[in-house]
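Worksheet for the structure shown next.
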Amino acid sequence: MRDPVRLLIFLLIVLGVVLIGFAAGRGCDRHQAKRGEHIVALLDECSIPEARRAELKEKLRTALPDAERKKVRRQLSGEVIAILEAEQFDAEAYRESLDKMFLERQRQKRRVLEVMVEIASELNWEERKALADIFRRSPKFKHLPRTN
């Protein structure tokens, strides 16, 4: 009778430790740098003149998705979901909503891409290597090999 009780207590302790670890990990996510802040920090230390740095940082901040752009994307996603959940499926409306969602996503990505090209074109070789390291640490580029 004692062995099943000990096993149950052991399992509860293990489960508690796992849950605490999960909660701690989720809490750390909130303390990560905001999107683009690593690039802004790189700009703060680069060789570009101060006035141009300020201009590039402002362009980057305005190009990155903000609350309003995220709201637009959520609305477009909501439209797509509403069409799918409707009793009568409207293929044309579904196609148009997907196209709008795709175009909005592409517009947002294009804005960031143009600013990044502008920033990279003004950095020297060492600074571009630092920018590459920032990208390499990004989850989107985790598959890339690390070079030192």
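For clarity, every value in this text was computed on a predicted model and none was experimentally measured.
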- Message: Under a 4.0 Å threshold between the charged nitrogen and the carboxylate oxygen, would Lys59 count as salt-bridged to Glu114?
- Response: no
- Is Glu58 salt-bridged to Arg61, cutoff N-O under 4.0 Å? no
Rounded to the nearest 0.5 Å, what's the gap from [atom1] on [X] to [atom2] on [Y]? Could you check?
| X | Y | atom1 | atom2 | value |
| --- | --- | --- | --- | --- |
| Arg52 | Ile119 | CZ | CD1 | 8.5 Å |
| Lys129 | Arg136 | NZ | CZ | 10.0 Å |
| Ile134 | Leu42 | CD1 | CG | 4.5 Å |
| Arg111 | Met116 | CZ | CE | 15.5 Å |
| Glu122 | Glu55 | CD | CD | 8.0 Å |
| Lys70 | Asp66 | NZ | CG | 8.0 Å |

- If you measure only the distance, is there a donor-acceptor pair under 3.5 Å linking the side chains of Glu104 and Gln108? yes
Is there a continuous path of hydrophobic side-chain contacts, each under 4.5 Å between heavy atoms, that joins [X] to [Y]?
| X | Y | value |
| --- | --- | --- |
| Phe102 | Leu98 | no |
| Met101 | Val112 | no |
| Leu113 | Phe135 | no |
| Ile20 | Leu12 | no |

- Message: Can you confirm whether Leu43 sits close enough to Ile48 that some side-chain heavy atom of one is under 4.5 Å from a side-chain heavy atom of the other?
- Response: yes
- With side chains defined as the heavy atoms from C-beta onward, is the minimum distance between Val5 and Ile9 less than 4.5 Å? yes
- For Leu15 and Leu11, run side chain to side chain contact (heavy atoms under 4.5 Å, CB included): C-alpha distance rounded to whole Å, both residues' side-chain angles, the deciding distance at 0.1 Å, then the answer. CA-CA 6 Å; Leu15 181 62; Leu11 288 175; over 6 Å; no
- So which heavy atom on Ile83 is nearest to which on Ser97, and how close? CD1-OG, 3.2 Å
- Message: If I compare all heavy atoms of Leu60 with all of Gly36, which pair ends up nearest, and what's the gap?
- Response: CD2-O, 3.9 Å
- Query: Does CZ belonging to Arg110 count more than 12 external heavy atoms closer than 6.0 Å?
  - Reply: no
- Sorted by chain and number, sequence neighbours left out, ring pair (Phe, Tyr, Trp, His ring centres under 6.0 Å) with Phe89 holds for Tyr94
- Output, in order, the C-alpha distance, side-chain angles, deciding distance and verdict of side chain to side chain contact (heavy atoms under 4.5 Å, CB included) for Leu56 and Val115. CA-CA 8 Å; Leu56 289 172; Val115 173; 5.6 Å; no
- Item | Arg69 side chain to Leu64 backbone, donor-acceptor under 3.5 Å | yes
- Hey, does the side chain of Glu127 reach the backbone of Ser47 with a donor-acceptor pair shorter than 3.5 angstrom? yes
